[in-house]
2 protein chains.
Amino acid sequence: MPKTSAVMPAPGRRLARASTQKKLDELLMKAASLVARKGFEATSMRDLAKAIDASLAGLYHYFSSKEDLLFQLQYRTFGSLLEQQQAVAAEPGTPEERFARLITGHLQFYARHRNELKACTFELESLTGKPYETVEAIRRRYYRLMTSVVADVIGGPSSNGKETRKSRHATLFIFGMLNWIFMWYEPSRHGTVEQIGQEMRELVLDGLRRGKRSG
Amino acid sequence: MPKTSAVMPAPGRRLARASTQKKLDELLMKAASLVARKGFEATSMRDLAKAIDASLAGLYHYFSSKEDLLFQLQYRTFGSLLEQQQAVAAEPGTPEERFARLITGHLQFYARHRNELKACTFELESLTGKPYETVEAIRRRYYRLMTSVVADVIGGPSSNGKETRKSRHATLFIFGMLNWIFMWYEPSRHGTVEQIGQEMRELVLDGLRRGKRSG
DNA sequence: TATTCTATCGAACGTCCGTTCGAAATAGGA
DNA sequence: TCCTATTTCGAACGGACGTTCGATAGAATA
């Protein structure tokens with residue numbers, strides 16, 4: 001069962017040959033692995049070249065700079081996650097059901113693309129300028145998506161995803177739970193991500209609904 | 001109102017003059033500020049020397065290496081936090097009250113030593129070998145302290161802080177909420193940390209007590 | 001004041017970094 | 001097959017890095 005990379009068309013740039021596109025995917029996957037293990041700053045282009053068994057100069061055919069490498073990695077990964085979660089949130093169901101699907105979806109994406117997602121989650125500030133703004137915009141859209149569903153759980157479907165202080169803060173707390181998982185989760189010790197997701201929901205669901213108005 | 005540094009005797013090492021101890025505190029505080037802003041890898045000894053308006057070589061009178069600097073910073077900060085929280089948890093009260101005091105205490109420590117705590121929370125893996133083990137041991141004691149109080153909230157005081165899968169996982173989730181605050185909290189936008197702490201408790205308290213056995 | 005320990009510093013060392021350049025190899029279309 | 005665009009590479013550049021060393025300045029003790 002080969003691990004698939006987080007796919008999404010890169011912005012701008014085009015690679016001519018299909019085999020090159022394939023190699024780019026491999027490059028980004030290996031880069032994600034190194035960045036996840038040692039951090040972006042501590043990962044050198046020489047490390048990556050060695051890991052991929054290619055030359056140092058050759059990398060610059062795929063990336064205009066080291067920062068561009070991180071940008072492409074984050075853009076593709078975060079873009080895929082947002083796309084998936086938008087589809088998940090769009091399917092019908094009660095607020096609680098949609099909330100459950102978002103939590104599960106996030107954790108499943110984590111399980112499938114751990115390294116890539118870690119690079120998105122903990123290395124966002126390694127980008128600057130326009131690349132940062134671009135990725136940050138995706139991140140913000142994702143937060144808003146989650147907040148709207150959390151708001152529906154708090155206020156019922158009739159609240160139509162309208163943000164409140166409570167829903168915004170609760171969402172930040174929930175993302176804290178979701179993202180901190182990088183620091184401790186091991187499948188053999190903690191069970192499946194689906195189980196973890198259920199435990200997270202059981203921890204916060206009553207708190208979200210506390211004082212809920214009917215309708 | 002001068003910001004105080006997180007105080008705790010450094011392990012081993014002794015500085016002769018009191019003024020030197022004072023300078024060490026200043027050094028660690030400035031280092032925490034730089035590490036919090038740019039990350040440990042991206043912070044150079046030259047950066048620190050410039051920020052403190054001293055010479056590069058002079059730094060090595062206080063630290064045997066760059067890693068030793070990070071170790072001292074983490075050891076002192078995490079040690080202070082653990083000490084404070086042990087005192088807070090030892091005071092009498094219902095499990096809910098002790099839990100509330102721990103959350104508030106953590107967030108107040110965050111508010112007072114943001115940079116230092118960030119260096120502890122996000123740069124632990126920048127240490128290796130024995131320094132890593134030493135700091136990791138403190139971290140683990142802190143987690144256990146929190147877990148025991150969470151277990152009491154779940155099972156009542158009669159459970160005597162006995163860990164369960166639920167209490168361990170809930171504690172990991174809660175630390176996720178607490179630590180993720182570095183990524184978003186601004187006093188002017190989100191209110192005081194005491195308010196944030198109360199919102200966190202309201203989010204999880206019912207979930208913790210769900211299915212609680214009396215006694 | 002003479003002596004000893006503490007604290008600070010300029011200069012340098014060897015290493016690794018991101019990036020560039022021009023040439024060599026390779027593949028696809030004519 | 002030849003031609004052209006794509007992909008790969010060795011070698012090198014300039015700069016930043018952590019660390020060391022020997023010398024100097026300063027404070028404390030006598």
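Lettering of chains follows the sequences in order, A, B, ..., and the numbering in each one begins at 1. Keep in mind the model is a prediction, meaning the values are calculated, not measured.
- Side-chain contact of Gln198(B) with Glu194(B): a donor-acceptor pair under 3.5 Å is absent, judged by distance alone.
- Between Ser19(B) and Leu56(B), the one whose closest nucleotide on DNA chain C sits nearer the 5' end is Ser19(B).
- Remark: aromatic rings of Phe71(B) and Tyr132(B) are distant, center separation not under 6.0 Å.
- Contacts classified as salt bridge (Lys or Arg N to Asp or Glu O under 4.0 Å) and involving residues 39-57 of chain B (residues at least two apart or in different chains) are given here: Lys38(B)-Asp47(B).
- When the nucleotides dT6(D), dG10(C), dC9(D) are ranked by their closest atom to the side chain of His61(A), dT6(D) comes out on top.
- Backbone-only engagement by Ser65(B) is indicated by non-hydrogen atom pairs under 4.0 Å involving sugar-phosphate atoms exclusively.
- Here dG18(C) is the nucleotide among dG18(D), dG18(C), dG10(C) with the atom lying nearest to any side-chain atom of Tyr60(A).
- Only Thr43(A), Ser44(A), Met45(A), Arg46(A), listed by number, bring a heavy atom of residues 34-47 of chain A to less than 4.0 angstrom from any atom of DNA chain C.
- The aromatic rings of Tyr185(B) and Tyr110(B) stand perpendicular to each other, their planes meeting at an angle above 60°, with 30° marking the opposite boundary.
- Side-chain N/O atoms of Tyr62(B) include one lying less than 4.0 angstrom from OP1 or OP2 on dT8(C).
- Of the charged side-chain nitrogens involved, at least one lies within less than 4.0 Å of a carboxylate oxygen, so that Arg140(A) and Glu136(A) count as a salt-bridged pair.
- A side-chain donor-acceptor contact under 3.5 Å links Lys66(A) to the backbone of Thr43(A).
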